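Presented below is the structure to which this report refers.
Proteins come first, then strands; the chains are lettered A, B, ... in the order of their sequence lines, and each starts at number 1. Note that this is a predicted model, so its numbers are computed, not measured. Atom set for the values below is all heavy atoms of this structure, side chains included, hydrogens, waters and symmetry mates excluded.
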There are 2 protein chains.
Amino acid sequence: MTMQPHIPACGNCPIRHNAVCAECDADELAVLERAKSYRQVPAGTSLASAGEPLHYLSSIVTGSATMSRTLEDGRRQMVGLLLPSDFIGRPGRSASAYDVVALSDVTLCRFERRTFERLVRETPHIATRLLTMTLDELDAARDWTVVLGRMTARERLAAFLVSLARRRARSGAGAGRALTLQLPLSREAMADHLGLTIETTSRQVTALRKDGLIETPSLREIRIPDLERLALEAGDDADGGILS
Amino acid sequence: MTMQPHIPACGNCPIRHNAVCAECDADELAVLERAKSYRQVPAGTSLASAGEPLHYLSSIVTGSATMSRTLEDGRRQMVGLLLPSDFIGRPGRSASAYDVVALSDVTLCRFERRTFERLVRETPHIATRLLTMTLDELDAARDWTVVLGRMTARERLAAFLVSLARRRARSGAGAGRALTLQLPLSREAMADHLGLTIETTSRQVTALRKDGLIETPSLREIRIPDLERLALEAGDDADGGILS
DNA sequence: GGCCGGCATTGATGCAGATCAATCCCGCCG
DNA sequence: CGGCGGGATTGATCTGCATCAATGCCGGCC
């Protein structure tokens, strides 16, 4: 519901990823510069496991990842889709609460956890910025709770596509009514996010296509001719309702 | 998954509610003392409406409230059950994202929003404390996402009762294997939280009772003879799995 | 005490989505 | 070019929960 504040490029980081230093002054930036390091990992790499200690906090520079939990009997639920500028790990928590797995090749900008926690203590701006980010994540998580608790399969898919489209629009990529999404996830990952099976997910994609709400140029692409019309399918009322 | 840090009584507030000043020094406490005021409201009062500006941030001293969203067609999903020490409103957000309604008579400890935001900026401890609280809420919201996305009606009810029991245990009330919960909500509110209908919720209460997992001395009380056994029903593996 | 109204329970039936089971599609590699 | 393999789609059937409809319970009030 709230716009992400503008996140400037920071030092030599690629644009828009270094979400922790929006208002830092030059000295603070220099400290962050010294503390960070980069890491590249291939698709499929586990970046964190539920319950395991996590020694680095990182933000995603390029690529995407899932954050999910798997129950003992194999049922899996994704709790977050991580895209560039999203954060992995929480200051003050030594263990990850969820499994994080790279969906594609990923570039991370990392901070050693202890160092980062010291920076947070010593730099009020960072704490405030982290609070804002965390509140955004909290809104997103609660909004998704409504989707999973009360929406039909069709509505869930529409809500997901709309939120993905809006997230993309927000981070650059000119808006306009029509747009083509590059899906960062497989049907299985989508199903895990939507709380559905692969089969139901696939059927709903087909259904939305037959109804002219989306087009599917390829498996990993979805073209949305009219975002507002799709948003209506997600139970989104005219003036910007549920979906951040 | 993480214990709430110890929250000391603060000034003349009743114990355990004033969640924002865990490590403040005397001066900071004095500032908070001056900034806060109390308010009592009867059951059913609306404390915030989705999209409406919220002029006060408050923490619950006594009583309980729901935080929920209602879709245009009437479907409702609760995104949070607010108990003593829980916080209403977010610093930096002028509008509430959800409806908040008092379930019982409620005592609030309030801070005027602008004042509070200034305190946050000027008092690093408060920002850090708020970040910790928000991270806890984020964990809880994501955990509930798993419940709503992948669990059966029976598992959802068990998960809810276990989380309620653990929350109560954490805030005082001696643990032990057996305990009696005072339910702060009606069957309808429970259903809204669980993402089910009233009827299904009621049937599952009956089912757990018939299976000896719970007893129901009265409509608003549930006795749990063996919390661990109930936790098993929620898909909680032995060593503390999902439920915070 | 008896009636009323709101919440809770229980029963009968319907349907959305899960499950089980074939294909289909397409990139890859011999 | 043809065969292989993994993801995606489509179809047939099953089932857990929603829906519709009584009925039960209890506290308040005349």
Side-chain angles (χ1 to χ4, degrees), chain A residues 43-44 66 71 73-77 101 103-104 147-161 181-211 214-222 233-235, chain B residues 43-44 66 71 73-77 101 103-104 147-161 181-211 214-222 233-235:
Chain A
T66 60
L71 306 182
D73 59 5
R75 284 177 287 178
R76 192 182 324 153
Q77 177 64 46
V101 178
L103 279 170
S104 61
V147 171
L148 293 180
R150 291 298 182 198
M151 290 195 178
T152 64
R154 183 186 177 93
E155 290 169 326
R156 292 183 199 197
L157 176 59
F160 170 66
L161 293 175
L181 290 178
Q182 307 297 323
L183 290 184
L185 17 61
S186 66
R187 293 287 186 272
E188 182 175 17
M190 281 177 62
D192 286 343
H193 194 209
L194 301 176
L196 301 169
T197 57
I198 301 182
E199 294 93 326
T200 300
T201 305
S202 176
R203 279 185 242 273
Q204 296 304 330
V205 170
T206 307
L208 289 186
R209 173 156 36 72
K210 289 200 171 139
D211 294 349
I214 61 174
E215 289 154 33
T216 54
S218 81
L219 270 177
R220 291 294 191 108
E221 283 181 311
I222 292 203
E233 290 294 319
Chain B
T66 61
L71 306 181
D73 60 5
R75 285 176 288 178
R76 193 182 323 153
Q77 177 64 45
V101 178
L103 280 170
S104 61
V147 171
L148 293 180
R150 292 299 184 196
M151 291 195 178
T152 63
R154 183 185 176 94
E155 290 169 326
R156 292 182 199 198
L157 176 58
F160 170 66
L161 293 175
L181 290 177
Q182 307 297 324
L183 290 184
L185 16 61
S186 66
R187 292 286 186 271
E188 181 175 17
M190 280 176 63
D192 286 342
H193 193 210
L194 300 177
L196 301 170
T197 57
I198 301 182
E199 295 93 326
T200 300
T201 305
S202 176
R203 279 183 242 273
Q204 296 304 330
V205 170
T206 307
L208 288 185
R209 174 157 35 73
K210 289 200 171 141
D211 294 349
I214 60 174
E215 289 154 32
T216 54
S218 82
L219 269 177
R220 290 294 191 110
E221 283 181 312
I222 292 203
E233 290 294 319

Worksheet item: Whole-Å distance between C/dG27 C1' and A/Arg220 CZ?
Response: 14 Å
Worksheet item: Atom CD of A/Glu188 to atom P of C/dT19: distance rounded to whole Å?
Response: 13 Å
Discussion item. Tell me the closest heavy-atom pair linking B/Leu103 and B/Ala43, and the distance in Å.
Written reply: O-CB, 3.8 Å
Item to complete: Starting at the 5' end of nucleotides 16-21 of chain D, put B wherever the base has a protein heavy atom under 4.0 Å, S where only the sugar-phosphate does, and a dash everywhere else.
Response: -SSBB-
Worksheet item: In Å and rounded to the nearest 0.5 Å, what is the CG to CG distance from A/Leu208 to A/Leu161?
Response: 7.0 Å
Worksheet item: In whole Å, what is the span from the CZ atom of A/Arg187 to the C1' atom of D/dG6?
Response: 14 Å
Response to the item:
Rounded to whole Å, the CZ-P distance (A/Arg76 to C/dA18) equals 15 Å
Worksheet entry | Atom-pair distance (CD1 on B/Ile198; C1' on C/dG11), nearest Å | 16 Å
Practice prompt. Mind calculating the distance between CE (B/Met190) and P (C/dA8) to the nearest angstrom?
Written response: 9 Å
Worksheet item: Can you tell me how far CG of B/Asp211 sits from CZ of B/Arg209, rounded to the nearest 0.5 angstrom?
Response: 10.5 Å
Discussion item. What's the separation between atom CD in B/Gln204 and atom CD1 in B/Ile214, rounded to the nearest 0.5 Å?
Written reply: 10.0 Å
Practice prompt. Apply side chain to side chain contact (heavy atoms under 4.5 Å, CB included) to the pair A/Leu148 and A/Gln77, showing each step before the final yes or no.
Written response: CA-CA 11 Å; A/Leu148 293 180; A/Gln77 177 64 46; 3.7 Å; yes
Contacts table for residues 182-196 of chain A: side-chain donor-acceptor under 3.5 angstrom, sequence neighbours left out:
| unit_1 | atom_1 | unit_2 | atom_2 | d |
| --- | --- | --- | --- | --- |
| A/Gln182 | NE2 | A/Glu221 | OE2 | 3.3 |
| A/Ser186 | OG | A/Glu188 | N | 3.4 |
| A/Ser186 | OG | A/Ala189 | N | 3.1 |
| A/Arg187 | NH1 | A/Leu219 | O | 3.3 |
| A/Asp192 | OD1 | B/Arg150 | NH2 | 3.2 |
| A/Asp192 | OD2 | A/Arg76 | NH1 | 3.3 |

Fill in: Euclidean distance, atom CD of residue B/Glu221 to atom P of C/dA8 [Å, nearest integer]
14 Å
Worksheet item: Would one find a side-chain N or O of A/Ser202 under 4.0 angstrom from OP1 or OP2 of D/dT10?
Response: no
Worksheet item: Considering heavy-atom distances to DNA chain C, does A/Arg156 or B/Leu185 have its closest nucleotide positioned more toward the 5' end?
Response: B/Leu185
Worksheet item: Starting at CG of A/Leu183 and ending at C1' of D/dG7, how long is that distance when rounded to a whole Å?
Response: 14 Å
